[in-house]
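The basis for the numbers below is simple: all heavy atoms, side chains too, and nothing from hydrogens, waters or symmetry mates. Atoms within a ligand are numbered from 1 in the order they appear, just like the ligands themselves.
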Amino acid sequence: MKAWILTQQNTFPSLQDTQFQTSNDLVSVELKSSALNHRDVWITKGLYPNINLPVILGSDGAGVHEGKSVLINPGIGWGKNENVQDDAFHILGMPTNGTFAEITQVPQENLFSIPDHLDFNEAAALPLAGVTAFRALITKCRPEKKSRILITGIGGGVALLSMQFALAVGCEVFVTSGSDDKLKQAMALGAAGGVNYTHEGWMKKLLSQTGGFDIIIDSAAGPHFNELLKLCRPGGIISIYGGSSGNIEKLNPQLLFWRQITITGSTMGSDQDFKFMMAFTEQHKIKPVIDSVFDFTQLDKALERMQQGKQFGKIVLKIKD
Ligand SMILES: NC(=O)c1ccc[n+]([C@@H]2O[C@H](COP(=O)([O-])OP(=O)(O)OC[C@H]3O[C@@H](n4cnc5c(N)ncnc54)[C@H](OP(=O)(O)O)[C@@H]3O)[C@@H](O)[C@H]2O)c1
C-alpha cells in the first residue's frame with residue numbers, strides 16, 4: 001500500500017510503498033478520506049512530546065471495513081476514568097501508524113458507522129476535532145440554551161465544531177480570529193459577532209459589545225490570556241484545549257478568585273464523549289466545515305496550508321473515490 005511516512009523531524013513526510021505488520025487485535029480500514037489536525041504540523045516540526053519515528057501520520061479517517069462505511073475514533077485506550085485518560089492513552093497517527101495511507105489498522109471498538117448525512121470527506125473531518133470540541137464545550141462547561149459563549153481562533157477545526165455544537169444547543173456565540181474574512185464566514189454560519197484579535201483594543205470592544213461570557217473555549221493561551229479572564233463573567237468557565245500562542249504569562253490571581261472563575265483543561269475525549277458526540281452530531285445533522293480537499297498525492301501542500309493558518313475549517317485528504 002501507499003502511505004505518507006515521516007522519517008525525520010523538521011521535514012515533510014514522503015509518499016512511499018510500504019507494508020504494515022498485521023495484528024490480530026486490530027482491524028483494517030480501507031481509507032477513502034483522511035483529515036489534518038494541527039498535531040500533524042506540530043509533529044513534523046518536532047514540537048510534540050515523545051515523537052517516535054518512522055511513522056505514518058494522520059489521526060482522522062473514514063473508509064470501508066467489511067463492506068460497511070466507517071469513521072475512526074482516534075483516541076485509543078482512554079480507560080475507565082471519565083475525568084482523565086490512562087497513561088497508556090494514545091492518539092492514532094503517532095506513536096501508532098495513522099491515516100495518511102491507503103489502509104490503516106485500529107481496534108474494532110474504535111469504528112463507528114458514518115451518519116447518513118455525512119459523506120466520506122465530512123466523516124473524516126469529524127472525529128478528532130469533534131470529540132475535542134465536544135468534551136471542551138459540552139462535557140466540561142455544560143452550556144445551556146442562551147449561554148453566551150466566546151470561541152477564540154474560529155478558523156480552526158476544533159473551534160468551528162465547538163461553534164456548531166454551541167449553536168445546536170441554542171447558545172449565543174461570539175468569536176475571535178486573526179482574519180476579518182474568517183469573522184465574516186463565522187457570522188454567516190450563525191455567530192452573533194466577532195473581533196479580530198490582532199487589532200488594538202479587541203478585548204474592550206468585545207466586552208462593551210457583550211458584557212462578558214459565561215463560557216470561553218480557547219486554544220491559544222499565551223500572553224493575552226488575562227484578556228480572557230477579563231472577558232469571563234463572574235462564575236464563568238474557561239476551557240483550554242490548546243496552547244498555540246505559548247505559555248500563560250502573569251496570570252492575575254485577583255481576577256480569578258474574586259470573580260470565582262473556573263479554568264479547566266481538556267484533551268480529546270473519553271469513549272463515552274465520542275459516543276455522545278456522534279449521537280449529538282447525528283441528532284442535529286451537523287456537518288464539519290471543510291476548508292479544502294487535497295488529492296492523496298498532495299499532503300505536503302495540505303500541511304503547508306495548515307502551517308500558514310490560512311484555513312477556515314478542516315483540511316481533507318481525498319485518498320480514494
Ligand atoms: N488537547 C487536545 O486534545 C487537542 C485536540 C485538538 C487540537 N488541539 C490543539 O488546539 C490547537 C488548534 O488545533 P486545530 O487542529 O483546531 O488547529 P487548526 O485547524 O490549525 O487551527 C488553528 C487555529 O488557531 C487559531 N489561532 C492561532 N493563533 C491564535 C491566537 N493568537 N489567538 C486565538 N486563536 C489563534 C487560528 O485561528 P484564526 O485563523 O481564526 O485566527 C487557527 O485557525 C492546536 O494547538 C492543537 O494542538 C488540542
Q) Can you tell me the protein heavy atom closest to atom 28 (N) of ligand 1 and the distance? A) Y197 OH, 3.4 Å
Q. Under 3.5 Å between some N or O of ligand 1 and some N or O of A159?
A. no
Q. Is the shortest N/O to N/O distance between M306 and ligand 1 below 3.5 Å?
A. no
Q: Using side-chain contact (heavy atoms from CB on, under 4.5 Å) as the criterion, point out the one residue from L26, I91, N110 that pairs with I76.
A: N110
Q) Within less than 4.0 angstrom of ligand 1, does S266 place any heavy atom? A) yes
Q. Atoms of ligand 1 less than 4.0 Å from G155 heavy atoms?
A. 37 (O), 38 (P), 40 (O), 43 (O)
Q: Would you indicate whether E30, at its atom CD, is surrounded by more than 12 heavy atoms from other residues, nucleotides or ligands within a distance under 6.0 Å?
A: no
Q | Polar proximity ligand 1 side, R39 side, N/O cut 3.5 Å exclusive | A | no
Q: Among all protein heavy atoms, pick the one closest to atom 25 (C) of ligand 1 and tell me residue, atom and distance.
A: G153 CA, 3.8 Å
Q. Counting each atom of ligand 1 from 1 as listed, which ones have a heavy atom of M268 under 4.0 Å away?
A. 2 (C), 3 (O)
Q.
Between ligand 1 and L128, is the shortest N or O to N or O distance under 3.5 Å?
A. no
Q.
Just to confirm my output: which protein heavy-atom neighbour is closest to atom 17 (O) of ligand 1, and how far is it?
A. H38 CB, 3.4 Å
(Q) Check this for me, if you would: do D291 and K314 make a salt bridge, where the nitrogen-to-carboxylate-oxygen distance has to be below 4.0 angstrom? (A) no
Q.
As an exercise, state the distance from CD of Q9 to NZ of K45, rounded to the nearest 0.5 Å.
A. 13.0 Å
Q. Are K318 and D295 within salt-bridge range, i.e. N to O under 4.0 Å?
A. no
Q. Can Q16 and S14 be counted as having a side-chain donor-acceptor contact under 3.5 angstrom?
A. yes
Q.
Under 3.5 Å between any N/O of G242 and any N/O of ligand 1: does that happen in this structure?
A. no
Q) Taking atom types as modelled and ignoring hydrogens, do the side chains of N121 and S33 form a donor-acceptor contact shorter than 3.5 angstrom? A) yes
Q: Provide the closest heavy-atom pair for H90 versus P95 in the form atom of the first, atom of the second, distance.
A: CB-CD, 3.9 Å
Q. Strictly under 4.0 Å, does any heavy atom of S245 approach an atom of ligand 1?
A. yes
Q. Are there more than 12 heavy atoms of other residues, nucleotides or ligands under 6.0 Å from atom OH of Y48?
A. yes
Q | Nitrogen or oxygen of G313 less than 3.5 angstrom from that of ligand 1 | A | no
(Q) In the structure I gave you, are the side-chain heavy atoms of F294 and V316 within less than 4.5 Å of one another anywhere? (A) no
Q: Flag the pair R148 and E172 as a salt bridge only when some basic side-chain nitrogen lies within less than 4.0 angstrom of an acidic carboxylate oxygen.
A: yes
Q: Report the nearest protein non-hydrogen atom to atom 21 (O) of ligand 1: residue, atom name, distance rounded to 0.1 Å.
A: G156 CA, 3.1 Å
Q.
Quick check on contacts: which atoms of ligand 1 are under 4.0 angstrom from a heavy atom of I154?
A. 40 (O)
Q | Polar atom proximity, S219 to ligand 1 (N or O, under 3.5 Å) | A | no
**Q.** Under-4.0 Å salt bridge between E227 and K230
**A.** yes
Q. If we only count N/O pairs under 3.5 Å, is A220 in contact with ligand 1?
A. no
Q. With a 6.0 Å cut-off on ring centres, are W202 and Y197 close enough?
A. no
Q | N81 atom CG, neighbour heavy-atom count above 12 within 6.0 Å | A | yes
**Q.** Centroid-centroid under 6.0 Å between F134 and F274 rings
**A.** no
Q) Hey, which atoms in ligand 1 end up nearer than 4.0 Å to a heavy atom of K182? A) 39 (O), 40 (O)
Q. Would you say N37 and ligand 1 have an N/O pair spaced under 3.5 Å apart?
A. no
Q) Using heavy atoms and a threshold below 4.0 Å, how should the contact between T267 and ligand 1 be classified: side chain, backbone, both, or neither? A) both
Q: Could you find the nearest protein heavy atom to atom 46 (C) of ligand 1 and give me its residue, atom name and distance?
A: W42 NE1, 3.7 Å
Q: Could you check atom 4 (C) of ligand 1 against the protein and tell me its nearest heavy-atom contact, residue, atom and distance included?
A: Y241 O, 3.5 Å
Q. Looking only at heavy atoms of G222, does any of them come nearer than 4.0 Å to an atom of ligand 1?
A. no
Q: Give a yes-or-no answer on whether the side chains of T139 and D273 include a donor-acceptor pair shorter than 3.5 Å.
A: yes
**Q.** Within-cut-off N or O pair, S244 and ligand 1, under 3.5 Å
**A.** yes
Q. Tell me: protein heavy atom nearest atom 7 (C) of ligand 1, and distance?
A. V158 CG2, 4.0 Å
Q. Counting from 1, what ligand 1 atoms have a heavy atom of S177 closer than 4.0 Å?
A. 38 (P), 40 (O), 41 (O)
(Q) Could you identify the single nearest non-hydrogen protein atom to atom 18 (P) of ligand 1 and state the distance to 0.1 Å? (A) Q311 NE2, 3.2 Å
